[in-house]
Amino acid sequence: MSNMIKVILPDKSVREVEKGTTLYDFTGQIGKGLQKAALAAEINGIAVDLSTPVNSDSEINIITFDSEKGKNIFWHSASHLMAQAVKRLFPDAKFAIGPAIDNGFYYDIDMKKSLVPEDLTAIEAEMIKIVEEKLDIKREEMSRSDALNYFTKINEVYKIELLNDLPEGNVSLYRQGEFADLCRGPHVMNTEILKSVKLLSIAGAYWRGDEKNKMLQRIYGIAFTDQKALNKHLEFLEEVKKRDHRKLGKELDLFSTHEDVGGGLVYWHPNGARLRNVLEEWWRKEHFKNGYDILYTPHIGRAHLWETSGHLGFYKQNMYSPMEIDEQDYYIKPMNCPFHIKIYQTSLHSYRDLPLRWAELGTVYRYEKSGVLHGLLRVRGFTQDDAHIFCTPEQIEDEVKEVLRFSLWMWKTLGFTDIKAYLATKPEGSVGEASRWETAQESLRKAIESANLKVEMDEGGGAFYGPKIDLKVRDAIGREWQMTTIQFDFNMPERFDMYYVGEDGQKHRPYMVHRALLGSIERFVGILVEHYAGRFPAWIAPVQAILINVSEEQVEFVNRVKSDMIDMELRPHVDIRNESMGYKIREAVSQKAPYVCVFGKNEVENGSVSVRKRGEKDSVTMKLDEFYKLLKEDIVNKR
RNA sequence: GCCCACGUAGCUCAGUCGGUAGAGCAUUUGCAUGGUAAGCAAAAGGUCACCAGUUCGAUUCUGGUCGUGGGCUCCA
């Protein structure tokens, strides 16, 4: 029986392939008219994975299409293409590594010339030439020593270093025209299909990511099988720019940072502070409802405390230098936990007192390298929506479930529905009894399962002091952000010798769970801004309705409506400036207010309002009563 | 911290191949009292990030400092 089978491709063409072939989809468009060239490339042996057998030898077979891996192969080939172009233009270039990444590819290059943006255009042009040359991409296997000889001959020092780290045996090279690169593959068959490429940026990157090594030049790029898909991606990048919380933060007058006072420190303007206050009040209310108590603790603590907690040992590089008070060193807090533990220790706890759920909007300060600071997303001073749960072994399962449920509810209420849960387990060199780790990990797993989420494993990804669940939430344009963390701590209870008295009258070590649901208020607000592109749901929006008068005669009426709304605990803003109505509407709309209300002669006479909802071009006139009812439905009932 | 780019009015930006700068918006003041995305006019506003150097002369060139932006795990 032949080892070849015929398959019908999504474009209806028929091809013969070896049994067990996996077809990679470079387009993400399986079933929607996949390009012949894209498939032909890997069928002919280059990107063949025999691990997925085809289940029958009939003429028409079901073939595995792997879009993720397909994209990966495609981008990796694009990376080789770029390297070839760079080598042609800059013969002294030495290549380090050039993988595909989540969103495209890069190559790290060592060369004399510092690349400038114009060089990217030139490299792109050269890449197009190579595409037009339609070079076959061929796999060559050889012994490691032959490969070493080859790369020594062409003086590719980084490849030599990589080869030296590989085990004895055969390695593979991929050759296209005059260019060959050490690579495991697979690759596409011909440069021909890599025609829609775009180089995006130049950056510095250390050889092997180690800051002690030489800094190389990294070129980032992206590639698609057709121009349309590339354009779509470029539009996505535009959208990302438009939603940038730093830009919107300025436009909506939410916050600022001040270089002269210090980077990574956030100043909340009235609008931003309003927004933050809305979130915090809601957060507190919901915490009380969900069985938490709320604490306030200081911002500094004596060195002694941080020695006990161990932070001066394992966290010092993130802490600010101490200040001396009465010949004692005090440190500004990078975490709230030790303070909560001090409160725990002010009294003896019986198992009957547990669980204790203590929450605090705790402002902490951590040193971050200047280069990593980024708007609200990475700052040096921030407020965690922190809580610590102290409980007995019998309680942890329910407690963890409850935290996860609360968190998921919170995300849903805030408008985030696509959430993934990662279970990070015991790493090397951890502290705490193995049995406690087991119990804790099991409770975390059960919690994820009971929330009907898939358990994404992050093996060995836990902190040295305990396993955790991280929640990643997807925003409106598909980006994932790590937000909630639910974290066991086997370190602090030991270090502080925490205990409770059990039913047996003996001392027992409580379980301690550290959790932050939003993560930090700063970071969360940054993501909230980008998620909604500044168009916050009305219950969150700092200003919910902007009230505009047509002429001076309506000022009194507008102010009356304002007090009505304030009585309803709404957040109106009155704009009675002596400007044209059109001007004020334009400004109100650009401020993304959920409701723009205009009051003229007619409205005053009829006790009505002309309302323009955000996103709608036309206004609707309604009686005030009706409008208040609408607000009640849209705002009051949601918070 | 490191690599690259950038730093001009409150904001967004133009400009000066070396002769101390300009627009729009915002602001202020007049006029205009206007019905759903910018009414008209005038004024005011800058040590061209900071510090050195070269030069008769530096916002422009050179070096440094500070700051901002893109990056710095993702293994050939």
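Each chain gets a letter, A, B and so on, in the order the sequences are listed, and its residues count up from 1. Source: prediction; values computed, not measured.
- If you take CG of A/Asn103 and C1' of B/C74, they are 13 Å apart, rounded to a whole angstrom.
- Within the 6.0 Å centre-distance limit, the rings of A/Phe464 and A/Phe314 are counted as a close aromatic pair.
- Residues A/Gln84 and A/Gln176 have side chains that bring a donor and an acceptor to within less than 3.5 angstrom of each other.
- The base-pairing partner of B/A58, taking Watson-Crick or G-U wobble contacts with both distances under 3.5 Å, does not exist among the strands shown.
- A/Asp108 places its CG atom 10 Å from the P atom of B/U73, with the value rounded to the nearest Å.
- Using a 4.0 Å cut-off between charged nitrogen and carboxylate oxygen, A/Glu156 and A/Lys94 do not count as a salt-bridge pair.
- Using P as the reference atom, B/U47 and B/A41 are 29 Å apart when rounded to the nearest Å.
- Contact annotation for A/Glu603: base contact, defined as any heavy-atom pair under 4.0 Å involving a base atom.
- A/Gly371 comes within 4.0 angstrom of a base, heavy atoms only.
- Nearest-nucleotide positions on RNA chain B for A/Phe599 and A/Lys159 put A/Phe599 closer to the 5' end.
- The CD1 atom of A/Ile97 sits 8.5 Å away from the CZ atom of A/Arg208 when rounded to the nearest 0.5 Å.
- Shown for residues 572-581 of chain A: residues whose heavy atoms fall under 4.0 angstrom of RNA chain B, namely A/Asn578, A/Ser580, A/Met581.
- If you check every strand for non-hydrogen atoms under 4.0 Å, A/Leu166 touches a base.
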